[in-house]
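Have a look at the structure below before the remarks.
Remember, it's 1-based here, ligands and their atoms both numbered in the order they're listed. Here, residue 1 is the first one in the sequence, and each next residue gets the next number. Predicted model only: the values in this text are computed from it and were never measured.
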Amino acid sequence: MRWLSFLWVALFSWFPWHHPAVSRPAPIIKQVLTTQKVVALTFDDGPTRTWTPQILKILKDNHVRATFFVIGSHAIQRPDVLKEEVDAGMEIGSHGYQHLTLRQKDSQLVKREIAQNEELFQSLGVPKPSLYRLPGGASDATALKVLGEMGYKVIGWSVDTRDWRRRFSASQLAERVMNQVEPGAIVIFHDGPNSSMATVDAVKAIIPQLKKAGWKFDTVSELLKLERLPHHAS
Ligand SMILES: [Zn+2]
């Protein structure tokens, strides 16, 4: 009967007791829980040849590291601009290959949209992204589950500049950031085709103002490291 107990052991170790097949959907992180005056600037929809280099220059001149959520189909047209972002020490997150809205989509299609960007990044020598920003901020349980399974952290925002509407002046955009900034804030701007000079000028204006008020800047991944766990008394 020895073979029988062996069979039991084999069956027991094969059965996924410790690794349930059902994975949880990735949560959407909108702000990092911290008391430190650190903020993350993020830029979606690029790279573009018009706006991205101007924004990069401001960031570099001010020694500010930010996070760019890149669209693959834009990056493939201007890989040199993406390379400039990487060389400047910016964090590169994924914003999908086609900027596909991940709501009511079949999970295979969601996977394809995400994987295609990974493949492009790999072909351009850009590290595999660990952050994903949802186009239009739209998602459903299927999309969040796929993103979780593929190892992504889904990054939302706590300060929405609404710059992509191209309806606001630079000072209105800057004012929105200055009024809404909080420790651990994630600010959303755009360097895509819907961006404008107002975005560039707003970024130029807020960096010195925030620095003067004691704020520091970092990438989203660095900001996440400052997360203070709610149960951790300090
Ligand atoms: Zn977008």
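Checked for salt-bridge contact, Arg49 and Asp80 meet the test: a charged N lies under 4.0 Å from a carboxylate O. Under a 4.0 Å N-O distance rule, the pair Lys57/Glu84 does not qualify as a salt bridge. One finds a salt bridge joining Asp44 and Arg133 here, because a Lys/Arg side-chain nitrogen approaches an Asp/Glu carboxylate oxygen to under 4.0 Å.
Among the backbone and side-chain atoms of His190, no N/O/S atom is found under 2.8 Å from the Zn ion (ligand 1). Taking 2.8 Å as the criterion, Asp45 counts as a coordinating residue of the Zn ion (ligand 1), since one of its N, O or S atoms falls below it.
With a 4.5 Å cut-off on side-chain heavy atoms, Leu120 and Tyr97 count as touching.
Geometry about the Zn ion (ligand 1) gives an angle of 90° between NE2 of His99 and NE2 of His95, rounded in steps of 10 degrees.
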